[in-house]
There are 2 protein chains.
Amino acid sequence: MVTLAEVAQHAGVSASTVSYVLSGKRSISTSTRQRVEESIRRLGYHPNAGARALASSRSNIIALMIPLRTDMYVPVMMEIAIAVATSARTHGYDILLLTGEEGPDAVRRVTGSGLADAMILMDVELDDERLPLLRGTDQPSVLIGLPADTTGLTCVDLDFRATGALCVEHLAKLGHRDIAVIGEAPAVYERHTGFAERTLDGLRARARELELRLLHRPCEGGYDAMAATLARVFDERPDTTGFVVQNESAVEPLLALLRQQGRAVPEDVSVVAVCPEQVATQASVRLTSVAVPAQEMGRHAVQQLVAKLDGRGSDEVVLLAPELTVRASSGPAPAGP
Amino acid sequence: MVTLAEVAQHAGVSASTVSYVLSGKRSISTSTRQRVEESIRRLGYHPNAGARALASSRSNIIALMIPLRTDMYVPVMMEIAIAVATSARTHGYDILLLTGEEGPDAVRRVTGSGLADAMILMDVELDDERLPLLRGTDQPSVLIGLPADTTGLTCVDLDFRATGALCVEHLAKLGHRDIAVIGEAPAVYERHTGFAERTLDGLRARARELELRLLHRPCEGGYDAMAATLARVFDERPDTTGFVVQNESAVEPLLALLRQQGRAVPEDVSVVAVCPEQVATQASVRLTSVAVPAQEMGRHAVQQLVAKLDGRGSDEVVLLAPELTVRASSGPAPAGP
DNA sequence: GAGGGTTGTCGAAGCGCTTCGACACCTTTC
DNA sequence: GAAAGGTGTCGAAGCGCTTCGACAACCCTC
C-alpha cells in the first residue's frame, strides 16, 4: 500500500506539500505540483479514507436512508437513490446505504460515529420519530418528503398539493364532472406519509372550487384489489367519467378492467396518473400524467446538502412544481344522457 | 464528542481496556466490563469510524455496485440491494452504494482507499471489465450473476439454465408442443448479461430433448413492443399454445393482448413467467412462475463475503435451485384440430 | 513453597493523514 | 534600500483508535 509519505519522498518534497497538492488548500508552484502529481500517478497512490476522515473529521460520505418496504413505489425510490448516488459522486461524496429498519438508531449511529458527514432521509412520515434527532444535531440533513412540522429542516419534494389541483383542473377543463381518485394502499395513509394526503388535499380543494364531485378510494396494487375498488366506484357514482390514479401498480389493472367493461379510454372515461414517466409511456394506453421527478428530487437533495456542508445554504422547503403531460388517456367528457 | 479516552477515565481504567471491552479480543473481568459499559452508556459514547478504520485497517463497510440503468428489472435490483443492506447490518457491516457508472474506476478507488473491506457486484456481464481487477486484488468480493469465466471468483445466482428447463418441462407435461419465449429487451442480450442467455440455453436444451418447437423473441417492455412481438409470434407459429416470459414489463401487456385477441388463459394459451413473486401474484391472472429469489441472493452474497472476511469460506459458485409455482395461468394444452 | 500457567490490565507505539505556525525567499512600495 | 507583504514549502503535532508486549497477581501442581 502506497502512503502519502512515500509519494513525498519520491517527489522530493515534504508530506504536507503532497497533502496541499491534493487538497488545493494552499498554493503550490506549478513545477512542484507537476512533480507530485507525476509521483502519485507513477506509484498508483490512493489516499487512505480512514486516515483522511480521522485527520479532517470529514468522511466525504453522505448517508441515504431508504425505506425497508419493497412493496411500494419501488421504481421511484430506486431512481431517487441512483440519482442521489450519481450526483453525490460529482461532488466528491460517496453514499452509505441505510435501510429504514434501524429507525432512529441509525441516525444516532451515523452522527455519533462520524461515519457520514450528512444524511438524506426518504419516505418521511408526517410525524417522523427521526426528526427530533435531526434537529438536535448539527449534522446537515435533507428530507425527501415533507413532514408536518418543517421548522429547522430542509426538505425537497414534489408539490403534491399542486399536483392534485392540476389533475382536477385538467379533467374539469375537459368537461368531466364526476371524478374518482384511485389512491395509494390504505397502509400508506395510515402511516401518514404526507405525499398521499397532500395530493388528496389538492384534489379536494380544487374540486370544491370547480364544483366537481370527487370520490376517493385507497387501493392496494394489483388486479383483484383494483377490480373491487372499481366496482364500488361505479356502484356509488355511475356517472364517473374521470379517474385520477396515484398508485403505479393500480394503473395497468385499471386500464384492463375498463377495457373489459367496454368503457373506452379516452372516449368514455379519462384517466390521469401520478407516476414516473416510464410507467406513463409504457402503459397499454399512453397516459396523461403528472410525472414524479425522482431524479430531480435526488439531485436537488444532494445539492442542498453539499451547499450546507460548504457552509452555504440554509433550511428551506423546496417544492418542485408539477407538470402535467397530456397523452392519449384523457379527452373531452362524453355528452350527458 | 466523547472519545474512548474519556470513557476510560470515567471508568477508571486505561484506554486499551475500554478497547478490549468493545472488541472482546481479550478477556476482561466481569466487574471491569460492567463498569466500562456503564460509562459508555452514561457518556453516550460512539467509537469514531475513521479512527477505527485507520488503526485496524478495517472499515466495516461493504461496497455494493448496482447498475446505473433504471430501465430494467428494477424491483429485483432494489430487493437485492435492501436484502444486502439488511443482512450486512446483522453482521456489523454498512453498505456503500456505488453505481455502475464509474465502472472499473470505482473498484480501484474503493480497494485503493480502504473505503470498503469488500465488494458485491451486481449486473455482471459475461466478460465484465471489472473482473481482472477483482482477481488482481486480495480484497474479497462476491458477484451476483455469473460471468463467462468464474475462476478465482465467488458468484451467487439463480440457476437460470435449470429455470429455463423447468419452464419447458412444465409446459410439456401439460401437452404443449409449440412454445414461444418472450425474452428480455434486445439490449440485454447485446450486453451479454449472462442470465438471459443461460435461461435461453436451458429452454432450448430441454425443448430439444422433449421434441418441442421453441421460438424465442426478445422484447422491450411495454404494450406496443409486446403487441408487435406477439403478432410476429402468431404469424410464424400459429399453433403456439405456451408462453414463457422473462421480462417483467412484458407480462401484463401480454396478458392484456391475449385477452383482447379472444385467447383465454389458461384454456387456449398457457403462460409461465420468470419474475419476482409479487409480479406473479399481482398480475391480472395469477401467474404460474419461477420466482427470482432476490432476497435470498442478497443474503447469500453477504454471507459468503463475511465468511471470506473472517478467513473462512473460499471461492465457489452458488447456483440457487429454481422453484416453479403453479398458479392460474397454465393448464392443459387445448385439443388439437 | 518454588516453578510454571493463566488471567486481567496497562503503556506506548503507531495507523496515514491534515493543518497550523514558522520561515525562507522574492516582490513591491515609498 | 529598508519595511511590508506575498508565495511556496516544511516540521511537528495530533486526530481517536487498535494492538503488542510487558507485567503484576493469582491459581495450580509436585
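Keep in mind that this is a model prediction, so the values were computed, not measured. Throughout, protein chains are lettered first and strands after them, A, B, ... in sequence-line order, and every chain is numbered starting at 1.
Residue B:Ile28 contributes atom CD1, which lies 15 Å from atom C1' of C:dT6 at whole-angstrom precision. Rounded to an integer number of Å, the gap from CD of B:Gln9 to C1' of D:dG16 is 15 Å.
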Between side-chain atoms of residues 41-53 of chain A and protein atoms elsewhere (two or more places apart, or another chain), which donor-acceptor pairs fall under 3.5 Å?
unit_1	atom_1	unit_2	atom_2	d
A:Arg41	NH1	A:Glu38	OE1	3.0
A:Arg42	NH1	A:Glu38	OE2	3.2

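In this structure a side-chain-to-backbone donor-acceptor pair under 3.5 Å is present from B:Asp117 to B:Asn60. Put simply, the side chain of B:Asp310 never gets that close to the backbone of B:Arg312: no donor and acceptor are under 3.5 Å apart. No donor-acceptor pair under 3.5 Å is formed between the side chain of A:Ser141 and the backbone N or O of A:Met119.
Judged as a side-chain hydrogen bond (donor to acceptor under 3.5 Å, both in side chains), the pairs with a partner in residues 148-159 of chain B (not counting sequence neighbours) are, in order, B:Asp149-B:Thr151, B:Thr154-B:Lys308, B:Thr154-B:Asp315, B:Asp157-B:Arg198. For the salt bridge (Lys or Arg N to Asp or Glu O under 4.0 Å) condition, no pair includes a residue of residues 22-35 of chain B, sequence neighbours left out.
Here B:Arg89 does not pair with A:Glu101 in a salt bridge; the nearest charged N to carboxylate O distance is not below 4.0 Å.
Look at B:Ser14 and you'll find a side-chain N or O under 4.0 angstrom from OP1 or OP2 of C:dC10. Side-chain N/O atoms of A:Lys25 include one lying less than 4.0 angstrom from OP1 or OP2 on C:dT19.
Proximity of residues 52-59 of chain B to DNA chain C (heavy atom under 4.0 angstrom from any strand atom) is restricted to B:Leu54, B:Ala55. Heavy-atom distances under 4.0 Å link DNA chain D to B:Ser16, B:Ser19, B:Tyr20 of residues 15-23 of chain B, given in residue order. Less than 4.0 Å separates DNA chain D from at least one heavy atom of each of the following residues of residues 29-51 of chain A: A:Ser29, A:Thr32. For the segment residues 108-116 of chain A, the set of residues with a heavy atom within less than 4.0 Å of an atom of DNA chain C is empty.
A:Val110 and A:Ala116 get closest at one heavy-atom pair: CG1-CB, 3.5 Å.
Here A:Phe160 pairs with A:Phe195 under the ring pair (Phe, Tyr, Trp, His ring centres under 6.0 Å) rule; sequence neighbours left out. Taking the side-chain hydrogen bond (donor to acceptor under 3.5 Å, both in side chains) definition, one finds that A:Asp138 meets it with nothing, sequence neighbours left out. Every side-chain hydrogen bond (donor to acceptor under 3.5 Å, both in side chains) that B:Thr32 has, sequence neighbours left out, goes to B:Ser29.
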Produce the list of close N/O pairs, under 3.5 Å, pairing protein atoms with atoms of nucleotides 22-24 of chain D; give distances to one decimal.
unit_1	atom_1	unit_2	atom_2	d
D:dA22	N6	B:Arg26	NH1	3.4

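Taking five base pairs at each end of the helix from C:dG4-D:dC27 to C:dC30-D:dG1 and finding the rotation axis that steps the C1' atoms of four pairs onto the next four gives two axes whose angle is 40°, to the nearest 10°.
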